[in-house]
Amino acid sequence: GAVVSQHPSWVICKSGTSVKIECRSLDFQATTMFWYRQFPKQSLMLMATSNEGSKATYEQGVEKDKFLINHASLTLSTLTVTSAHPEDSSFYICSARDAAGGGETQYFGPGTRLLVL
Amino acid sequence: GENVEQHPSTLSVQEGDSAVIKCTYSDSASNYFPWYKQELGKRPQLIIDIRSNVGEKKDQRIAVTLNKTAKHFSLHITETQPEDSAVYFCAATETGKSTFGDGTTLTVKP
């Protein structure tokens, strides 16, 4: 099956620093990747849709200058949390759609747990 | 935009009993409805999905039904086992973008 990896799996950083999270589709090409944020015992909140070779589409209320997304290749999307603050602490999960055959199924990465001190 | 409501938020059943989780959606353009299972601290895993041109789909102990007219779909798990305990999310998808329900925490008691 389709495999999506995410790196790092967890990170602790000081307030004010920037953190980059990578999302990779390992055995398929993904023209579209999605970035979600999940708080404890809550649902997946879509932050943005990442499209290969073009600008990301951000959901309402998500600051694009705060959460920088780059989708430079068909297998890699990155999310950079700039000038992170404690309120940015969360579980960030990416997902990727298999481009072949116009599939709609999203395959999720294992998530990155971010703790900002 | 799309709005998905999921009920119940928590569900506790005895091993061997059936479990049913229901979701409603608002956007009639949504045409793909996946269900995900998420164990604590892990990624959501797709367990079953259904497309808008199908009314029911079954995979062993898991089944999903869809009523397009009423805009609701349901997950049915039969002969539940303790390893079915997890959080289950429904989603409604339109042009590839999914909106998730708030999740149902299922506990199967041995």
Side-chain angles (χ1 to χ4, degrees), chain A residues 1-7 9-10 21 23-26 30-52 56-62 90-115, chain B residues 1-11 21 23-25 27 29-54 57 59 64 66 73 85-107:
Chain A
V3 179
V4 176
S5 71
Q6 224 174 302
H7 179 81
S9 56
W10 61 272
I21 303 169
C23 178
R24 293 182 186 272
S25 56
L26 298 185
T31 52
T32 304
M33 291 184 173
F34 302 90
W35 286 97
Y36 295 87
R37 187 172 178 176
Q38 187 176 35
F39 292 103
K41 297 186 179 181
Q42 292 191 25
S43 188
L44 297 152
M45 185 191 80
L46 180 64
M47 298 174 65
T49 302
S50 171
N51 300 297
E52 186 267 336
T57 304
Y58 289 83
E59 294 300 301
Q60 193 172 12
V62 178
S90 189
F91 191 50
Y92 293 88
I93 309 179
C94 71
S95 72
R97 241 176 44 203
D98 191 340
E104 296 160 309
T105 302
Q106 292 183 37
Y107 299 95
F108 284 87
T112 297
R113 203 163 295 280
L114 171 63
L115 177 61
Chain B
E2 176 65 275
N3 182 49
V4 177
E5 294 191 359
Q6 184 172 344
H7 298 281
S9 56
T10 59
L11 179 59
I21 303 171
C23 287
T24 61
Y25 62 101
D27 190 347
S30 289
N31 57 7
Y32 173 65
F33 306 89
W35 285 87
Y36 290 89
K37 174 184 180 182
Q38 187 178 28
E39 297 177 2
L40 190 62
K42 296 189 176 180
R43 77 183 83 193
Q45 297 270 20
L46 177 73
I47 55 171
I48 197 167
D49 56 11
I50 192 167
R51 300 183 190 281
S52 58
N53 59 347
V54 176
K57 184 177 178 180
D59 182 4
V64 57
L66 170 66
F73 55 112
S85 297
V87 179
Y88 291 81
F89 293 99
C90 65
T93 307
E94 192 256 327
T95 58
K97 178 179 161 182
S98 292
T99 302
F100 287 81
D102 287 341
T104 297
T105 301
L106 173 65
T107 303

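What's counted below: heavy atoms across the whole structure, side chains too, no hydrogens, waters or symmetry copies.
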Practice task
Taking all heavy atoms of Gln106(A) and all of Gly96(B), pick out the closest pair and write down the distance.
Solution key: NE2-O, 3.7 Å
Counting only heavy atoms closer than 4.5 Å, note whether [X] contacts chain B via side chain, backbone, both or neither.
X        : value
Ser95(A) : neither
Gln38(A) : side chain
Leu44(A) : both

Portion of [X] that has a non-hydrogen atom of chain A nearer than 4.5 angstrom:
X         : answer
Thr99(B)  : neither
Phe100(B) : both
Pro34(B)  : neither

Handout entry: Qualifying salt bridge (Lys or Arg N to Asp or Glu O under 4.0 Å) pairs, either residue in residues 95-106 of chain B, two or more places apart
Key = Glu59(A)-Lys97(B)
Practice task
Kindly indicate whether the side chain of Ile93(A), heavy atoms from C-beta on, has any atom under 4.5 Å from the side chain of Gln38(B).
Solution key: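 Ile93(A) vs Gln38(B): side chains touch.
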Problem - Heavy-atom side-chain contact between Tyr32(B) and Thr105(A) under 4.5 Å - result: yes
Practice task
Among the options Pro40(A), Gly111(A), Gly109(A), pick out the one with the most heavy-atom pairs lying under 4.5 Å from chain B.
Solution key: Gly109(A)
Handout entry: Side-chain donor/acceptor of Ser43(A) to backbone N/O of Gly103(B), under 3.5 Å
Key = no
Practice task
Rounded to the nearest 0.5 Å, what's the gap from NZ on Lys41(A) to OG on Ser9(B)? Could you check?
Solution key: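 Reported to 0.5 Å precision, the distance equals 11.5 Å.
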